[in-house]
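Okay, so here's the structure we're looking at.
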Amino acid sequence: MSEQEREARRARLEALRSEGVDPFPATVGAWLPIGELRERYEPMDSESLEAEAQSVAVVGRIMASRSFGKLLFLRIVEAGESIQVSAKKNQLDDATFRFIRDLDVGDFVRFEGNLWRTKTDELTVDATSVRLLSKSLRGLPEKWHGLSDVEIRYRQRYLDLLVNEDARRIAVVRSRTVSAMRRFLDARGFLEVETPVLQPLYGGAAARPFTTCHNTYDQELYLRISDELYLKRLVVGGLDRVYEIGHDFRNEGVSRKHNPEFTMMECYQAYADYRDIMELVESMVRSIAMEVRGTLQIEYDGEKIDLAGAWPRIPLCQAIDEATGVDVLACEDVDSLRAAIRKKKLGPGDSSTWATLVDDLFSDHVEPTLVQPTFITDHPVELSPLAKRSQDDPRLVERFEPFIGAMEIGNAFSELNDPDDQRARMEEQLRSQAEGDEEAHPVDEDFLRALEHGMPPTGGLGMGIDRLVMILADAPNIREVILFPHLRSEIR
RNA sequence: GGGCGCGUAGCUCAAUUGGCAGAGCAAGGGACUCUUAAUCCCUAGGUUGAAGGUUCGAUUCCUUCCGCGCUCACCA
């Protein structure tokens, strides 16, 4: 039973206490990082180590132990680096030897000792003294097969991180991705800002929000679905280049690509348009990939992906035409487009509006093919209430979405700064909301007032950090790149 | 939310047609001074996710519920 091992460990804990040993001491004492130790001593052979005869101190968590009666080998890990520790009965007093022998896998310890090499040439710290740093009361998952139960891996991520190298690797890739992104944006003169998560009105994306309530103000609030409208207010206020990295919350289903709470980077650049932002995305992804992976040729889901160079720019309607033979721009209304879809036998075409039919065609026939980095540009205006109209075709907007690995990793446009057009589009959204579209935006009068004060021509970008990390870490599921992904409550 | 699948010891997995729930690792005891999945001997460890039902008998068949996965819908 699970109790069995825990009782044994508790018994040892009590035994230590009764001997006057603090199982959870406050101080550690000086120690040498294992990584540094390896760097310094790995090149040295047995004789030079012996000649050096210098005592070292290491700390770490015991991950394995093997006993030969009068000789013990332990493996300790600290900061992802590990080293072997030996304890020899004939070189230690009885109490110290017994103390080391009775340590459990999982305990944190500090050893002092001398370096030597075993018969198999392994660099090893031969312990001369030991100090317990923290007692572990539960065993680690199995050492050979490891931990593969997906539910435990997500719920008890600390175990996953301890025993599965890949979990640790992905966490590192994620951290480095975010810091590389910050460095890139900072270097381009962007200012990192923070805007409200709790908002009286939500907007900036097509999604249903989470709702909450402020008790003392008796005020209904929404967890933000995007940062967009606040960041644009800052551009109105003269912060010409701003970005924010934070969580957005969308009250929708979960999938391989969707977590209800996810990390978004949004940036806005005044005096720029969506073409400038395309250049920014190409440069940023290249820069991050070089820092994180050291190469622009990566593999995702078994496909080789080349992040170098300029990415193809394909207008959305053209991409649909090429994939399906349906020229959506030639179909003036819902009915003619639906007729064209049925004529090509591309499915029922049961969405209710022209724009959503276009969206469906794209999702079904184009998106799965966008494995190499690609910009899909010039979306229908109905799908993009916050983007500026295209100069060439008023039915389209200056917008693009970068795709990698058949996954949309961002969304960008020349920001709509005409307050009257913006008002008209928001009111259009209101009408579709009345018709049952639960994801339509409400009208944000405060935002419209800001636009009336004047916003410079601005290019804006939102990028899904989780998905970018999936690409860079070659992770097939968004839950692998989120340390604590959303799961149903364990306790009902 | 729909469909399909899964849930057995701390971990990884077995269990014939419905017929006494088992192994390896981990744990406890013992042997062992060169292991790195150490080896060898012994021991203990289970409400088979939960609750019902069918049956002489259920891990196995049925129903409901809980959780997880895949998938569709939703969703950028």
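- B:U33 and B:A21 have their C1' atoms separated by 41 Å, given to the nearest Å.
- Within the 4.0 angstrom heavy-atom criterion, no nucleotide atom of any strand lies near A:G464.
- Contact annotation for A:Q84: base contact, defined as any heavy-atom pair under 4.0 Å involving a base atom.
- Comparing B:C34, B:C75, B:C68 by their closest approach to the side chain of A:W116 singles out B:C34.
- If you take CZ of A:F262 and P of B:C75, they are 14 Å apart, rounded to a whole angstrom.
- B:U33 atom P lies 15 Å from atom CG of A:D126, rounded to whole Å.
- Remark: the separation of the C1' atoms in B:C65 and B:G28 is 38 Å, to the nearest Å.
- Whole-Å rounding puts the A:F97 CZ to B:C32 P distance at 11 Å.
- Remark: A:E480 does not engage A:R256 in a salt bridge, criterion side-chain N to carboxylate O under 4.0 Å.
- Nucleotide B:A15: unpaired (no Watson-Crick or G-U wobble partner with both distances less than 3.5 Å).
- At whole-Å resolution of the value, CZ in A:R101 and C1' in B:A31 are 13 Å apart.
- OP1 or OP2 of B:C75 has not a single side-chain nitrogen or oxygen of A:N259 nearer than 4.0 Å.
- Look at the P atom in both B:U43 and B:C4: the space between them is 46 Å, to the nearest Å.
- A:D359 comes within 4.0 angstrom of a base, heavy atoms only.
- Relative to the side chain of A:R155, the nucleotides B:U35, B:C75, B:G67 differ in distance, and B:G67 lies closest.
- The side chain of A:L71 approaches B:U33 more closely than any other nucleotide in the set B:U33, B:C75, B:C74.
- Ranked by how close their nearest RNA chain B nucleotide is to the 5' end, A:L487 and A:R250 are led by A:L487.
- Across all strands shown, B:G1 pairs with B:C72; the Watson-Crick or G-U wobble distances both stay below 3.5 Å.
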Tell me which donor-acceptor pairs under 3.5 Å the side chains of residues 277-285 of chain A have, and how far apart each pair is, sequence neighbours excluded?
from, atom 1, to, atom 2, distance (Å)
A:E279, OE1, A:R188, NH1, 3.0
A:E279, OE1, A:R188, NH2, 3.4
A:E279, OE2, A:R188, NH2, 3.1
A:E279, OE2, A:S283, OG, 2.7
A:E282, OE2, A:W311, N, 2.8
A:S283, OG, A:R188, NH2, 3.4
A:S283, OG, A:E279, O, 3.0

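- Using a 4.0 Å cut-off between a side-chain N of Lys or Arg and a carboxylate O of Asp or Glu, A:R10 and A:E14 do not qualify as a salt bridge.
- For B:U33, the base is not stacked against the aromatic ring of A:F68, per a cut-off of 5.5 Å between centres and 30° between planes.
- Between the C1' atoms of B:C6 and B:A14, the separation comes to 16 Å (whole Å).
- Listed by chain and residue number, A:K135 satisfy the salt bridge (charged side-chain N to carboxylate O under 4.0 Å, His left out) test with A:D107 (two or more places apart in sequence, or in another chain).
- In this entry the distance linking NZ of A:K257 with P of B:U71 reads 10 Å, nearest Å.
- The existence of a salt bridge linking A:R168 and A:D160 is excluded, since no basic side-chain nitrogen approaches an acidic carboxylate oxygen closer than 4.0 Å.
- Distance from the side chain of A:S67 is smallest to B:C32 among B:U35, B:G67, B:C32.
- Close to B:U12, at under 4.0 Å from its OP1 or OP2, lies a side-chain N or O of A:S148.
- Relative to the side chain of A:E122, the nucleotides B:C68, B:U12, B:U35 differ in distance, and B:U35 lies closest.
- Taking both residues in full, the closest heavy atoms of A:M470 and A:Y300 are given as O-CE1, 3.3 Å, listed atom of the first, atom of the second, then distance.
- A 3.5 Å limit on both hydrogen-bonding distances identifies no Watson-Crick or G-U partner for B:G46.
- Looking at heavy-atom distances under 4.0 Å, A:I152 makes contact with sugar-phosphate atoms alone, never a base.
- Looking at residues two or more places apart in sequence or on another chain, you find no salt bridge (charged side-chain N to carboxylate O under 4.0 Å, His left out) involving A:E266.
- Distance check on atom C1': B:A23 versus B:A31 gives 24 Å, rounded to whole Å.
- Across all strands, A:R467 comes closer than 4.0 Å only to sugar-phosphate atoms, never to a base (heavy-atom distances).
- Between A:R38 and the options A:R40, A:E42, A:E36, a side-chain contact (heavy atoms from CB on, under 4.5 Å) holds for only A:E42.
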Show each protein N/O and nucleotides 25-27 of chain B N/O combination with a separation under 3.5 Å, one pair to a line.
from, atom 1, to, atom 2, distance (Å)
B:C25, O2', A:E142, OE2, 3.3
B:A26, OP1, A:K143, NZ, 2.6

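- A:L74 places its CG atom 14 Å from the C1' atom of B:C34, with the value rounded to the nearest Å.
- Taking atom C1' on both nucleotides, B:C11 is separated from B:U17 by 32 Å, rounded to a whole Å.
- A:E151 places its CD atom 10 Å from the P atom of B:U8, with the value rounded to the nearest Å.
- Using N1 to N3 plus N6-O4 or O6-N4 for Watson-Crick, or N1-O2 and O6-N3 for G-U wobble, each under 3.5 Å, B:C32 pairs with nothing.
- For the P atoms, the distance from B:G24 to B:U55 is 39 Å, rounded to whole Å.
- For A:D102 and A:R12, the salt-bridge test fails: no basic side-chain N is under 4.0 Å from an acidic carboxylate O.
- Spacing between B:G67 and B:G53 at atom C1', rounded to whole Å, works out to 23 Å.
- Closest to the side chain of A:K70, from the set B:C11, B:U33, B:U35, is B:U33.
- Distance, A:K119 NZ to B:C34 P: 6 Å, rounded to whole Å.
- Base pairing of B:A21: no nucleotide in any strand meets the Watson-Crick or G-U wobble criterion (both distances under 3.5 Å).
- Residues meeting the salt bridge (charged side-chain N to carboxylate O under 4.0 Å, His left out) test with A:E401, sequence neighbours left out: A:R399.
- Where A:H145 and A:T118 each meet RNA chain B at their nearest nucleotide, the meeting point lying more 5' is that of A:H145.
- Note on residues 64-75 of chain A: pairs passing side chain to side chain donor-acceptor pair (under 3.5 Å), not counting sequence neighbours, are A:R75-A:S82, A:R75-A:E122.
- Among the nucleotides B:C70, B:C34, B:G67, the one closest to any side-chain atom of A:R488 is B:G67.
- For A:N90, whose side chain is taken as the heavy atoms from C-beta onward, the closest listed nucleotide among B:U33, B:G67, B:C34 is B:U33.
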